[in-house]
Amino acid sequence: MPTIAELLSQELGQKLEYIENVIALIDEGNTIPFIARYRKEMHGAMDDTVLRTLETRLQYLRNLQQRRDEVKNAIENQGKLTEELSAAIDAAVTLAEVEDLYRPYKQKRRTRASVAREKGLEPLAAAIFAQDGSDPAELAAAYIDPEKGVETVEDALQGASDIIAEDLSDNADIRKALRELLNRKGSLTCHAADPEVDSVYRLYYEFSQPISRLMDHQILAINRGEKEEILKPAITLPGNEGAALVCRFALKPTMFVSQFVRAAAEDAFERLIFPSVQREIRSELSDRAYGGAIHNFALNLKPLLMQPPVKGFVTMGLDPGYRNGCKVAVVDATGKVLATSVVYPTFSEKKKQEAIAVLSGLMRKHSVQHIAIGNGTASRETEAMTVELLHSFPNASYMIVNEAGASVYSASPLAAEEFPEYDVNLRSAVSIARRLQDPLAELVKIDPKAIGVGQYQHDCPQKELDAALGAVVEDCVNAVGVDANTASRSLLQQVSGLNATTAKNIVAYREENGPFTSRAQLKKVPKLGPKAFQQCAGFLRIPESKEVLDHTGVHPESYEAARALLSLLDCQKGESLADLPARLEAYGLDKAAQACAVGELTLVDIAKELSKPGRDPRDELPAPVLRKDVLEMKDLIPGMELTGTVRNVIDFGVFVDIGVHQDGLVHISEVCNRRLKHPSELLKVGDVVKVVVLAVDEKRHRISLSMKQVKKQ
């Protein structure tokens with residue numbers, strides 16, 4: 001039997017040595033970002049996605065092995081564990097298979113079969129199931145016992161039938177074969193609880209799809225419709241193939257067919273096996289769909305968090321609204337609040353002009369260069385006002401910012417602690433402004449589920465969703481790096497090795513003692529021990545440090561190797577190191593690695609960091625689209641070509657922001673000229689794409705777009 005490490009090596013296509021190293025590193029308490037960045041020689045430069053998959057599968061396989069051992073011990077305690085059964089349990093590759101094998105030995109609640117066994121009818125069931133040609137009625141006559149509640153032959157036969165049916169239901173081979181048959185030939189059908197009631201689920205009122213062809217978003221929609229008591233789904237099989245399968249297992253190849261056993265087998269299928277396996281199939285489909293939804297959410301969240309920041313500019317945030325007005329916040333280049341206000345541009349033309357006057361004053365006073373507008377209620381009117389405002393400020397520009405989760409943050413204890421002097425509404429305007437300046441630093445303050453780049457996320461298992469999204473946030477924060485002297489507590493606690501307590505202590509330490517002047521000083525922070533320091537040090541930047549390596553992603557454990565590399569390549573103090581990777585390659589990577597006593601992969605990373613100290617990987621991505629004019633839905637004409645930003649990637653297509661407040665849908669069939677399994681094969685959140693308008697439905701607020709029909713230049 002292969003070990004867990006060997007199984008993972010086969011599944012992931014990685015060397016066994018690398019898998020064993022990663023397992024050891026995880027067991028030692030190292031984080032995935034630390035392993036991915038600073039232990040590349042030990043795992044052959046697997047990326048964080050592969051390492052996360054390895055970690056998840058490792059946990060599943062360990063749980064599977066633990067359950068195998070528990071089941072074998074439970075059966076052994078009953079004195080019923082055979083070598084064959086033990087081998088079958090060890091060979092089971094899923095928890096479901098283990099539970100199928102355990103089913104006959106599991107303590108059951110009181111059933112018709114258990115009542116029949118109490119009446120002493122188990123030997124009768126065994127004699128009938130032997131199918132040796134004996135007449136079941138004649139066999140049953142010997143079991144009539146009024147004291148035990150067996151009054152007649154019919155009572156005895158019914159009890160025997162119940163026992164045979166339950167035994168067949170507990171047969172792991174039958175269940176496995178039926179699951180395979182359902183996955184191959186079964187269908188998921190759906191009907192409306194009340195066809196006269198209209199709903200968003202009308203598409204599924206008369207729905208039937210083979211299980212093998214079901215899409216994840218269909219499963220999720222049907223599950224939600226069932227939960228809301230609008231849909232009635234069911235698993236179906238053509239003809240009587242399911243009952244026939246059970247009969248094939250039950251009936252022995254004798255000269256005659258036992259009609260009694262056939263009837264018991266059909267009863268087992270209808271009453272026990274099919275309802276149970278149907279629930280299992282529905283559960284498996286749901287798990288698959290939820291897993292897919294969580295994966296896609298994580299896939300969308302990463303590029304959203306990694307959107308290039310618009311750094312170094314005074315920014316105005318506008319949180320649009322009707323009744324309560326448009327909330328305004330001006331923040332400086334570091335995100336510090338300079339001014340706040342509330343204007344009412346939607347009340348009347350007079351009020352709009354008053355709003356423009358107020359905003360103009362703020363822009364002149366604080367030299368505002370960018371305006372971030374939330375995309376919620378009254379966003380269109382606010383954008384129109386902003387365009388009018390910018391006529392007087394030709395060097396300024398604006399951007400529509402996804403405000404999903406801003407209200408969640410505004411009402412949170414964290415926001416109250418950060419801005420105790422502002423009310424909830426003004427806090428959201430600050431958040432919107434900061435989202436343009438540094439999306440990652442602001443979005444880490446918000447529950448990822450509230451950011452709105454998934455589908456059916458609130459239906460997904462919340463523990464698994466939180467774990468997956470938390471991993472994405474952690475990977476993004478550590479990929480960018482964090483300034484230990486300016487980062488918020490929310491940002492710091494996402495750094496490898498840190499938690500809420502140590503992040504809070506870092507903030508408290510710098511407030512009490514002033515900015516950190518070296519990475520080594522982090523060791524003085526209460527509760528930040530040697531292991532935590534090892535995990536976090538490389539991801540925390542200290543711009544105020546005299547040691548230039550403290551400004552980079554080079555880990556303190558590699559400082560000597562970095563200095564040795566600079567000496568080896570005759571680098572002079574103060575000279576540009578932009579060409580350091582090329583100089584290293586010219587010198588010879590293997591020779592340099594030996595001289596510096598460090599691995600080749602680590603040395604390449606050191607050279608890259610030294611060539612661009614303090615670099616932000618987000619700066620290498622396409623810049624956000626900043627606008628100066630406004631486009632409305634009524635301006636759209638089929639055939640019009642536009643540039644837009646991908647806002648969400650889901651199973652059946654992508655939603656693209658083309659600047660009209662209503663994202664347009666590019667159906668998966670309109671993404672490209674080849675068949676895609678999922679749009680994420682080609683696109684991710686934040687991508688800037690060209691699209692053609694196919695159709696506009698103003699009444700239903702729907703815009704259909706195409707990418708494949710864009711004319712090639």
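Values in this document were obtained by computation on a predicted structure and should not be read as measured data.
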Test Ile650 against Phe655 for side-chain contact (heavy atoms from CB on, under 4.5 Å), laying out the working first. CA-CA 8 Å; Ile650 55 177; Phe655 285 100; 3.5 Å; yes

Dump the intermediate steps for salt bridge (charged side-chain N to carboxylate O under 4.0 Å, His left out) on Asp605 and Lys40, then the final yes or no. CA-CA 10 Å; Asp605 282 349; Lys40 288 184 177 179; 2.7 Å; yes

Please test Gln209 against Leu188 for side-chain contact (heavy atoms from CB on, under 4.5 Å), starting from the C-alpha separation and ending with a verdict. CA-CA 6 Å; Gln209 181 80 299; Leu188 178 63; 5.6 Å; no

Please test Lys227 against Asp459 for salt bridge (charged side-chain N to carboxylate O under 4.0 Å, His left out), starting from the C-alpha separation and ending with a verdict. CA-CA 10 Å; Lys227 186 177 181 181; Asp459 296 344; 5.1 Å; no

Do Asn296 and Asp651 pass the side chain to side chain donor-acceptor pair (under 3.5 Å) test, and can you show the C-alpha distance, the side-chain angles, and the key distance before you say yes or no? CA-CA 8 Å; Asn296 289 328; Asp651 291 351; 3.1 Å; yes

Evaluate the criterion salt bridge (charged side-chain N to carboxylate O under 4.0 Å, His left out) for residue pair Glu681 and Arg674; output intermediate values, then yes/no. CA-CA 11 Å; Glu681 294 174 39; Arg674 66 179 177 86; 3.8 Å; yes

Determine whether Lys352 and Glu388 satisfy the following criterion, side-chain contact (heavy atoms from CB on, under 4.5 Å), listing intermediate values before the conclusion. CA-CA 10 Å; Lys352 185 177 81 169; Glu388 193 172 332; 3.0 Å; yes

Applying side-chain contact (heavy atoms from CB on, under 4.5 Å), run through Tyr205 and Ser199 and close with a yes or a no. CA-CA 10 Å; Tyr205 279 13; Ser199 75; 2.8 Å; yes

ring-ring contact (aromatic ring centres under 6.0 Å, His included), that's the test. Do His43 and Tyr18 meet it? Break it down for me. CA-CA 4 Å; His43 58 75; Tyr18 292 158; 7.6 Å; no

Tell me, with the steps shown, if Asp287 and Arg282 meet salt bridge (charged side-chain N to carboxylate O under 4.0 Å, His left out). CA-CA 9 Å; Asp287 288 345; Arg282 287 286 311 278; over 6 Å; no

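With a 6.0 Å radius and a threshold of 12 heavy atoms from other residues, nucleotides or ligands, Lys15 has its NZ atom at or below the threshold.
If you check the side chains of Arg435 and Asn402, you find no donor sitting under 3.5 Å from an acceptor. No donor-acceptor contact under 3.5 angstrom links the side chains of Asp657 and Thr645, judged on distance only. Judged by distance alone, the side chains of Asn478 and Glu474 never bring a donor and an acceptor atom under 3.5 Å apart. Side-chain N/O atoms of Asn648 and Asn300 include a donor and acceptor closer than 3.5 Å.
For Lys708 against Asn673, the heavy-atom pair with the smallest separation is CD-OD1, 3.5 Å. A pairwise comparison of heavy atoms in Pro320 and Cys326 identifies CA-SG, 4.2 Å as the closest pair. Residues Leu682 and Cys672 approach most closely at CD1-SG, 3.6 Å, considering heavy atoms. Gln307 and Arg647 get closest at one heavy-atom pair: OE1-NH1, 4.1 Å. Between Val444 and Ala441, the closest heavy-atom pair is CG2-O, 3.2 Å. For the residue pair Pro679 and Val654, the shortest heavy atom distance occurs at CB-CG1, 3.8 Å.
Counting only heavy atoms from C-beta outward, the side chains of Glu241 and Leu181 approach each other to under 4.5 Å. Residues Thr315 and Val310 form no side-chain contact, since every pair of their non-hydrogen atoms from C-beta on lies 4.5 Å or further apart. At least one side-chain heavy atom of Leu285 sits under 4.5 Å from a side-chain heavy atom of Ile281. Counting only heavy atoms from C-beta outward, the side chains of Met707 and Lys690 never approach each other to under 4.5 Å. Using a 4.5 Å cut-off on side-chain heavy atoms (C-beta onward), Val666 and Val691 make contact. Looking at Ile703 and Val656, their side chains never come closer than 4.5 Å, going by heavy atoms from C-beta outward. Considering only heavy atoms from C-beta on, Asn240 stays 4.5 Å or farther from Phe269 through its side chain. Using a 4.5 Å cut-off on side-chain heavy atoms (C-beta onward), His678 and Met215 make no contact.
The backbone N or O of Tyr409 sits nowhere less than 3.5 Å from a side-chain atom of Asp447 that would complete a donor-acceptor pair. Using a distance-only test at 3.5 Å, with no hydrogens or angles considered, no donor-acceptor pair links the side chain of Ser490 to the main chain of Lys445. With hydrogens and angles ignored, the 3.5 Å screen pairs no side-chain donor or acceptor of Ser706 with any backbone N or O of Val692. A donor-acceptor pair is defined here as one N or O able to donate and one able to accept, closer than 3.5 Å; no such pair exists between the side chain of Glu228 and the backbone of Gly225. Looking at Thr382, its side chain does come within 3.5 Å of a backbone N or O of Ala378 through a donor-acceptor pair. Gln437 contributes a side-chain N or O that, together with a main-chain N or O of Phe313, makes up a donor-acceptor pair within less than 3.5 Å. For the pair Ser276 (side chain) and Ile273 (backbone), a donor-acceptor distance under 3.5 Å is absent. A donor-acceptor pair under 3.5 Å is absent between the side-chain atoms of Asp687 and the main chain of Val689, judged by distance alone. With hydrogens and angles ignored, the 3.5 Å screen pairs no side-chain donor or acceptor of Ser431 with any backbone N or O of Arg427. Looking only at distances, no side-chain donor or acceptor of Arg618 sits under 3.5 Å from a matching main-chain atom of Met306.
In this structure, Glu55 CD and Thr31 OG1 are separated by 9.5 Å, a value rounded to the nearest 0.5 Å. Remark: Arg179 CZ to Asn183 CG distance equals 9.0 Å, nearest 0.5 Å. Annotation: the span from Leu305 atom CG to Cys476 atom SG amounts to 4.5 Å, rounded to 0.5 Å. To the nearest 0.5 Å, atoms CD (Glu6) and CG (Leu8) are separated by 10.5 Å. Summarising the geometry, atom CZ belonging to Arg224 is positioned 14.5 Å from atom CD1 belonging to Ile219; distances are rounded to the nearest 0.5 Å. Once rounded to the nearest 0.5 Å, the distance linking CG of Leu318 with OG of Ser379 reads 9.5 Å.
Applying the side-chain contact (heavy atoms from CB on, under 4.5 Å) test between Tyr398 and each of Glu383, Met316, His370 identifies Glu383 as the sole match.
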Indicate every side-chain donor-acceptor pair of residues 229-239 with a distance under 3.5 Å to a residue at least two apart or in another chain.
none

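Pairs passing the salt bridge (charged side-chain N to carboxylate O under 4.0 Å, His left out) check and including a residue from residues 199-220, sequence neighbours excluded, read Asp198-Arg202, Asp216-Arg288.
In this view, Tyr204 and Phe207 satisfy the ring-ring contact (aromatic ring centres under 6.0 Å, His included) rule, not counting sequence neighbours.
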